[in-house]
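Quick note: numbers below take in every heavy atom, side chains included, and nothing from hydrogens, waters or symmetry partners.
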Amino acid sequence: MREGHHGTGPGAITPDGCAVELYSRLPVGTEPDIIAAAVPAGAHILELGCGVGRMTHPLLERGYAITAVDESPDMLVRVRGARTICSPIEELDLGERFDAVLLASFLVHTGDVEVRHGLLRTCVRHLADGGCVLIQREGEDYHTNVPRERVDASGFTLRIVSSEPLGDGTNSVRAEYEFPDATWTQTFRARPLTKEEFEEALAEAGLRVDEYLTEDRIWVRAVAAG
């Protein structure tokens, strides 16, 4: 397990505390539509942290070619129709470049600054000329509007139970997912980033914001700086 991360519930748990069976149940939402509106049709996308393929499969259906990367073989075995690669994202170097690189699931908010640097360097290393990086940020009240819960239309309840400062700029977040037949928890470390801090992190990696794709600025399209 990664330091400060753990999870509970039925089935395999990944190094960052995610439960494979849980993520196989979660609906995908509007994310594929946001991505499709920002990336040219038929593009080759490098999806970093693909999990079980919640976004991979809808993007494949839209005609994109996907190279899906995850550090968990238990996650990757559930991905269908895409080229899959098992690797920590921050260590990935395929010697290839892609039309778009996808860094979703709030990974840019990892508590470890060096890991964040590695994630963004991986994005840049694999970005083709004229390509873009799509990044999913946390909502601006993610760590302050706690506790909170949401009942999903598909029948489960998501609770963000707590977000406790650890004193080094990171918070320890606890989430619960309650289904009629099972409950999962995940505890993980996240580093809140203001809009300015996020843009500074991009600049350190040689990226800049091209456009905030949603009104809440959670989804961002970034391009190579300069």
Side-chain angles (χ1 to χ4, degrees), residues 2 5 7-39 43-89 92 98 100-110 119 122-123 133-139 142 149-160 173 175-186 188 190 213-214 216 218-221:
R2 291 179 180 257
H5 294 244
T8 67
I13 305 292
T14 68
D16 59 356
C18 293
V20 175
E21 181 60 34
L22 166 64
Y23 278 84
S24 297
R25 295 186 180 201
L26 294 181
V28 68
T30 62
E31 287 90 345
D33 296 328
I34 295 169
I35 295 163
V39 177
H44 194 171
I45 299 175
L46 176 63
E47 184 184 2
L48 302 174
C50 66
V52 297
R54 284 193 310 135
M55 286 191 285
T56 316
H57 299 139
L59 291 172
L60 287 168
E61 291 171 2
R62 286 164 169 79
Y64 292 102
I66 310 292
T67 294
V69 179
D70 204 277
E71 68 178 350
S72 167
D74 293 310
M75 289 283 197
L76 283 176
V77 75
R78 305 202 179 201
V79 176
R80 297 287 182 266
R83 172 195 183 195
T84 59
I85 295 172
C86 189
S87 171
I89 296 168
L92 186 71
F98 297 80
V101 181
L102 178 58
L103 187 70
S105 302
F106 315 129
L107 291 173
V108 74
H109 290 273
T110 176
L119 298 178
T122 293
C123 292
V133 181
L134 300 186
I135 301 170
Q136 185 183 25
R137 303 172 62 222
E138 294 173 341
Y142 187 88
E149 77 172 38
R150 175 177 62 84
V151 179
D152 191 84
S154 64
F156 72 92
T157 300
L158 165 61
R159 300 184 183 92
I160 303 299
V173 181
E176 295 180 355
Y177 299 81
E178 183 178 331
F179 286 74
D181 62 337
T183 297
W184 286 269
T185 73
Q186 182 183 7
F188 57 94
L213 300 172
T214 53
D216 56 15
I218 288 177
W219 278 95
V220 187
R221 181 171 59 207

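- Taking the side chain as every heavy atom from C-beta outward, I35 and Y64 never approach each other to under 4.5 Å.
- Checked against salt bridge (Lys or Arg N to Asp or Glu O under 4.0 Å), E31 has no partners two or more places apart in sequence or in another chain.
- Between T14 and E71 the shortest side-chain heavy-atom distance does not fall below 4.5 Å.
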Next on the checklist: Pair V79, H57 - check side chain to side chain contact (heavy atoms under 4.5 Å, CB included), show working.
Outcome noted: CA-CA 8 Å; V79 176; H57 299 139; 4.2 Å; yes
Next on the checklist: One pair to check against side chain to side chain contact (heavy atoms under 4.5 Å, CB included): V69 and L46. What are the steps and the verdict?
Outcome noted: CA-CA 8 Å; V69 179; L46 176 63; 3.8 Å; yes
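- Rounded to the nearest 0.5 Å, atoms CG (L102) and CH2 (W219) are 5.0 Å apart.
- Side chain of R221 to main chain of A38: a donor-acceptor pair is present (N/O by atom type, distance under 3.5 Å, no hydrogens or angles).
- Using a 4.5 Å heavy-atom cutoff, the side chains of V108 and L119 are not in contact.
- Classification of R25 and D152 as a salt-bridged pair fails, no side-chain N sitting under 4.0 Å from a carboxylate O.
- Between L213 atom CG and D33 atom CG the span is 12.5 Å, to the nearest 0.5 Å.
- Closest approach of V133 and C123 over heavy atoms only: CG1-SG, 3.9 Å.
- D16 and H5 make their closest contact through O-ND1, 3.3 Å (heavy atoms, listed as atom of the first residue, atom of the second, distance).
- Shortest non-hydrogen contact noted between A104 and M55 is CB-CE, 3.4 Å.
- The shortest heavy-atom contact between I89 and T122 is O-OG1, 2.9 Å.
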Next on the checklist: The test is side-chain hydrogen bond (donor to acceptor under 3.5 Å, both in side chains); show your working for D70 and S72 and say whether it passes.
Outcome noted: CA-CA 5 Å; D70 204 277; S72 167; 4.6 Å; no
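- Under a 4.0 Å N-O distance rule, the pair E21/R78 qualifies as a salt bridge.
- Distance check, rounded to the nearest 0.5 Å: OG1 of T185 to CZ of R159 gives 12.0 Å.
- Between the CD atom of E149 and the CD1 atom of I160 there is a distance of 11.0 Å, given to the nearest 0.5 Å.
- The minimum heavy-atom distance between A82 and T56, with the atom names listed, is CB-CG2, 3.8 Å.
- Of all heavy-atom pairs spanning R80 and L60, the tightest one is O-CD1, 3.3 Å.
- Atom-to-atom distance recorded for T67:OG1 and R83:CZ is 4.0 Å, nearest 0.5 angstrom.
- By the ring-ring contact (aromatic ring centres under 6.0 Å, His included) test, F188 pairs with no residue at all, sequence neighbours left out.
- Atom-to-atom distance recorded for L92:CG and C86:SG is 11.0 Å, nearest 0.5 angstrom.
- Between W184 and F179, the ring-plane angle classifies as perpendicular under the 30° and 60° cut-offs.
- When side chains are defined from C-beta on, V101 counts as touching L48, because their heavy atoms get closer than 4.5 Å.
- For the pair Q186 and C18, the minimum side-chain heavy-atom distance is below 4.5 Å.
- In this structure, F156 and P27 have side chains that are in contact, with non-hydrogen atoms separated by less than 4.5 Å.
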